[in-house]
Amino acid sequence: MNISEKLIAKLSEAKKVCVLTGAGVSAESGVPTFRGGGSAAVWKGMPFDEISSAKMVRENLSEVWEWFDYRRGVLAKCAPNPAHVILAEWETRFVEFTLVTQNIDGLHRRAGSKNPIEVHGSINRSRCVECSRTVLMDAGTIPHEPDKCMDCGGNLRPDVVLFGEMLPAGAFEKASEKAENCDLFFVIGTSALVYPAAMLPEIAKSRGAFLVEINPEETPLTRFCDESLSGKAGEILPGLNEILKGHA
Ligand code: BJW
Ligand code: ZN
């Protein structure tokens, strides 16, 4: 792996580090990505942006539950990979460390990350469509019983952010505040096509952070980054971690 002297210096000097992850960070755990093709990108002939849509929640909630139950079943057989584990360790390695994830799969928490900002919600929570009360779901309960809200009797839906929906209150604001104030920003395993999450690396760089991408493919961000490490997160992060340990 080709890591520049500049990145080695940045890594050893960094005090405030921020990381944005996407589906690619879970690919080595066996979780399909969205835009990389694969079996979960299409459900019963529907592309994911059709089945994972606010319209489908309104018109066919039981089909939406079936799709998310299927994915919770896939996730139950997946485990965090070295990338998740190292990012969890990094919480204690820097003066300040913020993990922002677009992933709803819960693998960062399962690896030990205490406080990830989950900007697209969590597959392990449901939310009342009427009063927004959220309920944690037992990961082992598949299929999920489509019960009603205990407060108001409204229907429950997966607590995830679908296209055209707002992000959870305060989540993007908190993430962008951290991006504005960090000195090193990693963007890992995301196609950087979905907004507003894709704004975070731009915000960080515009405020002076050193921007590093880890991805086996080029993205619209690649040319904009200070350093682009072409490869898998679960292979590149262990190398970076060794460098960090050497400077501890
Ligand atoms: C590896 C690897 C390995 C492989 N190691 N890497 C500005 C301009 C244009 C449009 C918009 C805009 N602002 C907002 C919009 C609209 C829209 C949007 O962005 N659309 C674009 C597609 C154009 N955004 C929204 O609607 C958002 N809401 C919003 O903005 O609210 C305000 C508002 C409301 C109303 C009107 C207007 C504004 C909400 C976005 C919610 C996204 N939800 C989803 C689905 C969640 C539910 C579900 O799971 O079913 O979230 S979409 C899907 O994409 C999912 C992901 O979190 C998200 C990002 O995908 P990600 O993580 O980047 O995955 P992939 O598959 O795309 O890429 C994987 C990458 O990994 C690849 O690059 C691989 O190479 C790499 N990889 N193996 C490292 N081993
Ligand atoms: Zn309710």
Side-chain angles (χ1 to χ4, degrees), residues 19-38 40-43 46-54 56-57 64-65 67-72 74-75 81-84 87 100-107 118-135 147-169 171-172 186-202 212-222 228-238:
V19 174
L20 171 69
T21 63
V25 87
S26 297
E28 289 155 85
S29 295
V31 184
T33 61
F34 293 91
R35 295 167 187 84
V42 172
W43 171 249
M46 276 178 273
F48 78 87
D49 49 354
E50 196 179 325
I51 177 73
S52 283
S53 71
M56 196 58 82
V57 166
V64 174
W65 271 117
W67 156 238
F68 278 86
D69 282 348
Y70 161 74
R71 291 166 67 190
R72 289 197 306 127
V74 171
L75 280 169
N81 67 54
H84 297 107
L87 292 174
V100 183
T101 187
Q102 298 168 84
N103 299 346
I104 63 170
D105 59 30
L107 286 171
E118 295 171 318
V119 289
H120 291 166
S122 169
I123 199 164
N124 296 317
R125 273 195 318 264
S126 60
R127 184 174 88 235
C128 174
V129 296
E130 304 294 341
C131 74
S132 299
R133 176 197 162 113
T134 57
V135 185
D147 42 6
K148 302 280 181 184
C149 172
M150 280 165 65
D151 278 352
C152 76
N155 285 329
L156 298 177
R157 56 162 281 177
D159 189 20
V160 301
V161 182
L162 307 169
F163 276 112
E165 293 187 325
M166 302 302 282
L167 273 56
F172 183 73
F186 287 92
V187 50
I188 307 177
T190 175
S191 57
L193 292 171
V194 174
Y195 285 81
M199 282 166 62
L200 294 169
E202 298 171 24
V212 183
E213 178 175 62
I214 302 176
N215 198 312
E217 306 284 338
E218 284 210 2
T219 75
L221 276 181
T222 306
S228 179
L229 302 173
S230 177
K232 295 180 176 180
E235 292 171 4
I236 290 191
L237 279 167

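Whatever order the structure lists them in is the order used to number ligands and atoms, beginning at 1. For the numbers below, each heavy atom of this structure counts, side chains included, while hydrogens, waters and symmetry mates do not.
In this structure, the side chains of Met56 and Trp67 stay at 4.5 Å or more apart for every pair of heavy atoms. Counting heavy atoms from C-beta outward, Val161 and Gln102 have side chains that stay 4.5 Å or more apart. For the pair Val100/Val119, a side-chain contact is recorded, criterion being any heavy-atom separation below 4.5 Å from C-beta on. In this structure the side chain of Arg71 reaches within 4.5 angstrom of the side chain of Ile104, judged on heavy atoms. His120 places a side-chain heavy atom less than 4.5 Å from the side chain of Val194. Side-chain contact between Leu20 and Pro201 is present, with at least one heavy-atom pair separated by less than 4.5 Å.
Here the protein heavy atom with the shortest distance to atom 68 (O) of ligand 1 is Ser191 N, 3.4 Å. The nearest heavy-atom contact from the protein to atom 20 (N) of ligand 1 is Phe163 CE2, 3.9 Å. With respect to atom 46 (C) of ligand 1, the closest heavy atom belonging to the protein is Val161 O, 3.4 Å. Of the protein's non-hydrogen atoms, the one nearest atom 70 (C) of ligand 1 is Gly189 O, 3.5 Å. Closest to atom 64 (O) of ligand 1, if we only count protein heavy atoms, is Ala23 CB, 3.5 Å. The single protein non-hydrogen atom nearest to atom 56 (C) of ligand 1 is Phe34 CE1, 3.6 Å, given as residue, atom name and distance. For atom 15 (C) of ligand 1, the closest heavy atom belonging to the protein is Tyr195 CB, 4.3 Å. Closest to atom 75 (O) of ligand 1 among all protein heavy atoms lies Asn215 OD1, 2.7 Å.
Atom CG in Leu107 sits 9.0 Å away from atom OG1 in Thr101 (nearest 0.5 Å).
For atom 6 (N) of ligand 1, the candidate residues are Ser26, Ser230, Ala54, Pro216; the nearest heavy-atom contact is made by Pro216. In this comparison of Met166, His120, Glu28, Arg71, the heavy atom closest to atom 49 (O) of ligand 1 sits on Arg71.
Taking a cut-off of under 4.0 Å to the non-hydrogen atoms of Gly164, the atoms of ligand 1 that pass are 25 (C), 26 (O), 34 (C), 35 (C). Using a 4.0 Å cut-off to heavy atoms of Ala27, the atoms of ligand 1 that qualify are 78 (N). Close contacts of ligand 1 with Pro196, meaning ligand atoms under 4.0 Å from a residue heavy atom, involve 30 (O). Per-residue contacts place Gly22 under 4.0 angstrom from the following atoms of ligand 1 (heavy atoms of the residue considered): 62 (O). Listed by number with element, the atoms of ligand 1 under 4.0 Å from a non-hydrogen atom of Glu165 are 27 (C), 28 (N), 29 (C), 31 (O), 39 (C). Close approach of ligand 1 to Gln102 is summarised as follows: ligand atoms under 4.0 Å from at least one heavy atom of the residue are 57 (O), 59 (C).
When only interatomic distances are considered, the shortest N/O to N/O separation between Thr219 and ligand 1 does not fall below 3.5 Å. Taking only nitrogen or oxygen atoms, main chain and side chain alike, Leu162 does not reach within less than 3.5 Å of ligand 1.
Using a distance-only test at 3.5 Å, with no hydrogens or angles considered, a donor-acceptor pair links the side chain of Trp65 to the main chain of Leu156. The closest donor-acceptor contact from the side chain of Asn215 to the backbone of Ser191 lies at 3.5 Å or more, if one exists at all.
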| message | Using the rule given for side-chain contact (heavy atoms from CB on, under 4.5 Å), can you reason through Ser29 versus His84, listing the C-alpha separation, both sets of side-chain angles and the distance that settles it, and then say yes or no? | response | CA-CA 10 Å; Ser29 295; His84 297 107; 3.5 Å; yes
| field | side-chain contact (heavy atoms from CB on, under 4.5 Å) between Arg35 and Phe48, worked out | value | CA-CA 10 Å; Arg35 295 167 187 84; Phe48 78 87; 3.7 Å; yes
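Of all the heavy atoms of Arg35, the ones lying under 4.0 Å from any atom of ligand 1 are found in both the backbone and the side chain. Contact annotation: for Phe68 versus ligand 1, heavy atoms closer than 4.0 Å belong to the side chain alone. Residue contacts with ligand 1, taken as heavy atom pairs separated by less than 4.0 Å, do not involve Val25 at all.
For the pair Asp151 and Cys131, the tightest heavy-atom approach, listed with the atom from each and the gap, is CB-SG, 4.4 Å. Nearest heavy-atom pair across Phe34 and Ala23 is CD1-CB, 4.0 Å.
Ser26 and Asp105 share a donor-acceptor pair across their side chains, judged by distance under 3.5 Å alone.
For atom 37 (C) of ligand 1, no protein non-hydrogen atom is found at a distance below 4.0 Å. Not a single protein heavy atom sits closer than 4.0 Å to atom 9 (C) of ligand 1.
The SG atom of Cys131 and the SG atom of Cys128 meet at the Zn ion (ligand 2) at an angle of about 110°, given to 10°.
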